[in-house]
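Following: one structure in structure tokens, then a few remarks.
Just so you know, ligand 1 is whichever comes first in the structure, and atom 1 is the first atom listed for that ligand. Just so you know, these numbers come straight off a predicted model, no measurement behind them.
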Amino acid sequence: MTSAEIRQSFFDFFKEKQHTIVPSASLLPQSPGLLFTNAGMNPFVPYFLGVEKAPFDPPRAADTQKCIRAGGKHNDLEDVGYDTYHHTMFEMLGNWSFGDYFKKEAIEWSWELVVERWGLPADRLYATVYAPDKAKGDPGEFDQEAWDLWAELFRSKGLDPRVHIVDGNVKDNFWMMGETGPCGPCSELHVDLTPNGDSHGQFVNGDSDECIEIWNLVFIQYNAEADGSFRDLPAKHIDTGMGFERACSIIQNTKGFTDFSVKPSNYATDVFTPIFRKLEELSGKKYANVYPAPGADRSAFDDEMKTAIAFRVIADHLRTLSFSIADGILPGNNGRNYVLRRILRRAVRYGRQLGFSGEKTFFGALAGALVEQMGDVFPELKAREAAVRVTLEREEASFNETLDRGLKRFEDGLSEVKDHTLSGEVAFELYDTFGFPVDLTELLCAERSLGVNMQRFEELMEQQRDRARAAQKSTVVRALDISTNAVTEFIGFDADEVDALVLEVHPQDDSLFVITDQTTFYAEMGGQAGDTGILVIGALAHDVSAVQQIGSARAHAIPADAVVKAGDTVKLRVDHRRRRPIEANHTATHLLHWALHEVVSSDATQQGSAVDEDRLRFDFNSGPLTPGQIEEMEELVNEKINADEPVSWKEVPHAEVKERSDVMQFFGDKYGEKVRVVQIGGEPGTLTGYAMELCGGTHVRNTRAVGIFKIKSEGAIASGVRRIEAVTGERTWQFLRELLVSIEEEAVTMRDKLAAANAKLNSLGEEPVDVGDLPRIIYEALVQQRDVRKINEVIKRSRSKLEELKEAVINAEKRFKKLQASSAAKQADAALALLIEKGESIVTAVESDGSLLQELLNGLKKNQFAEAAFLVVDDGEKLHLGCYAGEAALGRGLKAGDLLRELAAIAGGKGGGKPDMARGAAPDRDKLEELEAAARLKLGVS
Ligand code: SER
């Protein structure tokens with residue numbers, strides 16, 4: 001069977017067992033606390049927790065799910081390429097029961113598919129069951145039920161269950177998605193791959209490629225809580241995961257289970273071979289299917305082995321990067337984006353092994369082969385092929401630059417080497433800053449007969465991991481205590497208020513959760529903030545502080561002391577002062593999304609959005625926008641607002657709009673059978689608008705209600721991901737007012753600075769700098785305009801005037817400094833002439849700054865002035881004092897330092913220096929005459 005046939009046969013089998021086949025969800029996880037979707041069960045977490053009902057009848061599903069295990073709890077990165085069966089990205093085939101069938105069917109069907117349908121010899125199969133160590137406080141009990149079920153199956157083939165069923169500890173047989181979330185005991189199927197199939201189970205869970213796990217059946221029944229406890233879930237579920245590449249490997253490498261003489265490898269399947277062929281073509285090297293012995297010395301590999309490993313690492317990493325980018329997760333500096341960047345860099349570094357020098361990129365060129373092979377099963381790859389290629393090329397090119405800089409840092413680091421060992425700090429810096437995997441650093445060192453202080457490196461790594469772990473634990477999945485089958489109808493698209501019947505009341509920590517038959521309250525979803533408001537019982541109104549969706553029911557949180565019971569009729573009223581601006585911001589978000597596609601590119605995919613009563617936030621994939629593009633979008637959106645366009649919505653079967661490229665929807669999002677299309681423009685409800693989007697949120701009825709739209713900021717939040725923050729209506733005016741006030745304030749400050757600089761110029765007899773009137777924008781006049789184009793004009797004019805003003809200040813100050821310097825130089829020349837040519841010894845009351853004094857002293861020295869001199873420069877605030885003793889004066893026993901000290905004291909100052917030259921300063925400027933007289937006396941001049 002080809003890999004495509006194997007995948008299909010899995011689907012067919014479970015379709016026969018009444019499972020709905022669903023597409024893979026995005027690699028971007030919905031559960032908080034996960035870096036990537038790391039298991040097939042992630043997208044179904046709400047069904048397991050009971051906060052949503054599975055929309056399948058019967059509640060069963062099967063799929064193939066893209067998973068990444070690199071960074072976070074499940075992490076296989078370091079093994080990739082060195083063995084036959086670990087990957088950073090893989091497909092997980094799974095079948096699911098949401099509160100429907102449990103252990104018996106899950107176990108029997110797995111046997112039926114693998115043994116009966118695919119024909120895997122039962123004597124090569126081993127099953128593990130959960131055996132907790134109660135002394136260590138492991139959760140749950142020994143899984144006798146699973147043991148009995150497996151035993152019956154093995155016995156039916158004449159096999160001894162005591163050999164073929166192996167106990168597993170909490171690490172291997174209790175499955176958890178992360179620190180928190182749905183979990184439970186599991187049973188795994190392992191396949192003996194030894195040539196004769198006679199390992200008797202000795203390699204099970206032994207981390208060996210001679211016996212590998214292919215299918216994990218998890219019996220989900222608890223939620224791991226943040227406090228470490230395990231809470232029973234409202235229902236029991238089945239979550240199974242079969243490693244698709246492993247299944248392909250075992251089937252294809254054994255010629256359909258008939259020949260086990262060659263050790264199977266996931267890489268020796270048609271999942272990987274097309275990528276290897278392309279890589280061979282690009283590099284001119286040949287791939288050999290060779291693997292190192294476990295634990296072998298990695299630095300002693302020969303060229304063939306190193307090349308084989310590089311091929312595998314590159315192919316594996318290509319898949320991870322391409323699938324992620326297609327799902328909109330790009331390499332970057334933080335969290336999951338950083339994990340991707342590191343993986344890409346590893347791949348690029350391994351590329352050097354294949355002779356790619358870094359002058360040209362190779363990684364992006366491989367994407368085509370992958371898309372060709374996988375594009376049918378994962379259409380998002382095809383749709384975003386160009387984006388994938390461009391991103392890979394850009395990242396690779398930029399790392400090639402870092403790689404060379406890192407090599408330079410490494411060379412510099414060699415000078416710090418002690419005891420033939422490179423410090424852990426340098427190795428960590430190379431890893432952390434330059435993206436050098438530590439084995440590259442080790443290799444570079446080995447070539448110079450040096451070691452690396454790995455202990456220190458590991459310490460630093462551990463510190464970094466601690467920081468990452470701490471950051472990850474900050475978000476938790478919490479199971480609700482409430483389980484309900486109630487159904488609440490949402491009628492808040494058109495109304496703010498409704499009389500509703502109370503169906504259930506659930507006391508929670510410090511509030512009551514009231515579930516009603518209908519509601520106008522929106523629960524936070526799809527980025528739109530939930531409503532607040534009041535719930536009125538009789539004459540009493542209670543604040544509704546939050547709304548929570550539980551399955552198909554909606555609960556309103558009111559204070560715990562309210563008196564309300566099932567059967568009561570209550571009035572629910574949404575706070576419309578909050579709801580209206582939220583709606584305006586939501587409609588504006590759709591308009592912005594549309595304008596982005598018009599102005600920038602239809603490839604600028606939405607990454608996330610959030611709207612509340614104060615603002616809207618929109619994240620998307622793109623390079624930086626130009627100021628022109630931002631303005632153009634702003635104008636387009638406002639044009640549509642002013643055009644009085646109707647906003648309407650309609651529920652339609654998803655199938656009807658699935659293929660329509662004019663209806664914006666997101667790959668990887670799980671849509672129900674019915675979807676709501678929000679349409680702007682066109683005939684209401686006919687899907688003929690210009691901006692149409694699948695959306696469950698609430699909106700204004702006419703674009704005019706948005707008022708006015710203004711972008712506050714645009715910037716990067718990760719490499720290739722931009723964020724726009726914008727405001728509408730009243731908030732726009734508030735923003736504009738603040739903006740104008742800040743421009744004016746800055747202008748006033750600048751005007752004062754200019755006046756000061758002009759005054760100084762004036763003191764030198766210079767013309768002042770004039771830039772005309774200050775920018776003055778009358779806010780009220782701006783409000784009158786109500787036209788964003790004109791408003792932008794005014795803001796631009798004000799800003800450019802402000803810039804002009806700033807420049808004038810800088811110029812005036814520069815001019816003054818220059819003039820001052822040249823006047824000081826002139827004064828110094830004149831003073832020197834007095835001293836040297838006229839034989840004066842005392843020069844005082846020169847008005848200048850302190851620098852003149854030094855110039856004078858230097859001038860005297862340069863001219864070998866033989867006599868003594870006393871100098872005073874008055875800068876208007878204090879007196880700068882200088883004393884000089886030339887050769888003749890020194891010969892007479894005069895000491896400049898002593899003299900200066902004595903004289904400075906007269907004007908309340910201090911100073912000192914050497915016998916030939918001394919400086920000081922004194923604050924009492926009115927003592928100038930006294931000072932001069934004393935100096936004359938001391939120097940014996942009249
Ligand atoms: N959640 C289990 C796993 O990932 C089975 O799907 O192994």
* Which residue and non-hydrogen atom of the protein lie closest to atom 4 (O) of ligand 1, and at what distance in Å? ->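 Answer for atom 4 (O) of ligand 1: Arg69 NH2, 3.0 Å.
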* Asked: Centres of the Phe56 and Trp96 rings: under 6.0 Å?
  ->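 No, too far apart.
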* Is the distance between the ring centroids of Tyr126 and Trp150 under 6.0 Å? ->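 No: the rings miss the under 6.0 Å criterion.
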* Asked: With no hydrogens and no angle check, do the side chains of Ser265 and Tyr291 hold a donor and an acceptor under 3.5 Å apart?
  ->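 Looking only at side-chain atoms, Tyr291 and Ser265 do form a donor-acceptor pair, the distance falling under 3.5 Å.
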* To do: Using only heavy-atom distances, determine whether the side chains of Asn42 and Thr37 contain a donor-acceptor pair under 3.5 Å.
  =>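 No, Thr37 and Asn42 have no side-chain donor paired with an acceptor closer than 3.5 Å.
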Enumerated ligand 1 atoms positioned under 4.0 Å from heavy atoms of [X]:
| X | value |
| --- | --- |
| Ala39 | 4 (O) |
| Thr240 | 5 (C), 6 (O) |
| Asn216 | 2 (C), 3 (C), 5 (C), 7 (O) |
| Asp239 | 1 (N), 2 (C), 5 (C), 6 (O) |
| Met41 | 1 (N) |

* Consider ligand 1: state whether an atom of it lies below 4.0 angstrom from any non-hydrogen atom of Glu213. =>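 So Glu213 does not count as touching ligand 1.
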Is any N or O atom of [X], backbone or side chain, closer than 3.5 Å to an N or O atom of ligand 1?
| X | result |
| --- | --- |
| Trp96 | no |
| Asn38 | no |
| Gly241 | yes |

* Shortest non-hydrogen contact from Met1 toward Ser9 ->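 Answer, listing the atom of Met1 first, then Ser9: SD-CB, 4.4 Å.
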Residue portion contacting ligand 1 (non-hydrogen atoms closer than 4.0 Å) for [X]:
| X | value |
| --- | --- |
| Val218 | side chain |
| Met242 | neither |
| Leu217 | neither |

* Could you go step by step and tell me if Ser3 and Asp270 meet the side-chain hydrogen bond (donor to acceptor under 3.5 Å, both in side chains) rule? -> CA-CA 7 Å; Ser3 55; Asp270 63 344; 3.0 Å; yes
* Charged N-O contact under 4.0 Å between Arg384 and Glu380 ->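 No, this pair does not count.
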* Is the shortest distance from a Lys or Arg side-chain nitrogen in Glu116 or Lys157 to a carboxylate oxygen in the other one below 4.0 Å? ->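 Yes, Glu116 and Lys157 are salt-bridged.
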* Asked: Is it true that a side-chain atom of Asp148 and a backbone atom of Ala151 form a donor plus acceptor pair closer than 3.5 Å?
  ->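 Side chain of Asp148 to backbone of Ala151, a donor-acceptor pair under 3.5 Å: no, none is there.
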